[in-house]
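What follows is a single structure, written as structure tokens, with notes after it.
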Amino acid sequence: MTIHILPLENITFEQWLPLWQGYLTFYKSQLSEEQIRLSWKRITNPEQTDLFGFAIQVNDDVVGFVHLISHMSMWTDKPYCYLQDLYVSETHRNQGLVKQLIEHSYQVCAGKFDRVYWLTQESNLTAQYLYDKVATKTGFIQYKHNLA
């Protein structure tokens with residue numbers, strides 16, 4: 001098994017789209033075709049430096065991704081990096097690929113960012129089992145108010 005992690009701009013929309021749709025299905029979410037294409041355009045635009053990501057490829061198949069967003073903080077001199085989305089196809093889970101994507105994110109962000117952080121649903125216990133090994137649970141609870 002040959003594994004490569006590469007910037008999202010090195011894969012095609014057609015390789016990414018089924019994975020993105022799988023991620024949206026997992027979280028019981030839907031986005032318009034227009035929003036999906038806009039998101040792809042943003043994350044693969046080299047001039048959009050605050051939004052970037054990586055794909056993980058097994059042999060010749062793209063099987064997962066991570067999307068990252070950088071932002072400044074009032075608490076540190078370096079920006080934070082928010083790991084917004086992380087997904088590996090069902091057929092490639094439990095092979096250490098998610099861990100590799102997280103660790104790759106750490107390597108890319110080291111020295112440039114104060115931290116990498118993310119959220120997960122409290123019911124996503126399988127993911128939390130891994131997250132507890134590679135990061136520190138903060139104890140914060142998220143609140144949101146939609147403006148649209």
Membership question, hydrophobic clusters at under 4.5 Å side-chain separation (ILVMFWY): are [Y] and [X] in the same one?
X: V63; Y: M1; value: yes
X: F65; Y: V98; value: no
X: Y106; Y: F54; value: yes
X: Y27; Y: L19; value: yes
X: I3; Y: I102; value: yes

Step through the shown structure and confirm whether more than 12 heavy atoms of other residues, nucleotides or ligands are within 6.0 Å of CG on D60.
no
State the [atom1]-[atom2] distance between [X] and [Y], to the nearest 0.5 angstrom.
X: H104; Y: C109; atom1: NE2; atom2: SG; value: 9.0 Å
X: H92; Y: D61; atom1: NE2; atom2: CG; value: 6.0 Å
X: I56; Y: I11; atom1: CD1; atom2: CD1; value: 11.5 Å
X: Q100; Y: H4; atom1: CD; atom2: NE2; value: 11.5 Å
X: K137; Y: T120; atom1: NZ; atom2: OG1; value: 10.0 Å
X: L31; Y: W20; atom1: CG; atom2: CH2; value: 6.0 Å

Using distance alone, with no hydrogens and no angle criterion, decide if S39 and Q35 have a side-chain donor and acceptor under 3.5 Å apart.
yes
Kindly give the heavy-atom pair with the smallest separation between E122 and L125, and that separation in Å.
O-CD2, 3.6 Å
Let me know which of L51, I43, L68, V66 forms a side chain to side chain contact (heavy atoms under 4.5 Å, CB included) with L8.
I43
Can you tell me how the ring of W16 sits relative to the ring of W40, calling it parallel under 30°, perpendicular over 60° and tilted otherwise?
tilted
Looking at side-chain heavy atoms only, is the closest gap between [X] and [Y] below 4.5 Å?
X: T76; Y: R115; value: yes
X: K144; Y: N146; value: yes
X: F52; Y: V108; value: yes

So if I apply the ring-ring contact (aromatic ring centres under 6.0 Å, His included) rule between W118 and each of F140, Y82, Y80, Y131, which one comes out positive?
Y131
Between N59 and T2, is there a donor-acceptor pair closer than 3.5 Å when you use the side chain of the first and the backbone of the second?
yes
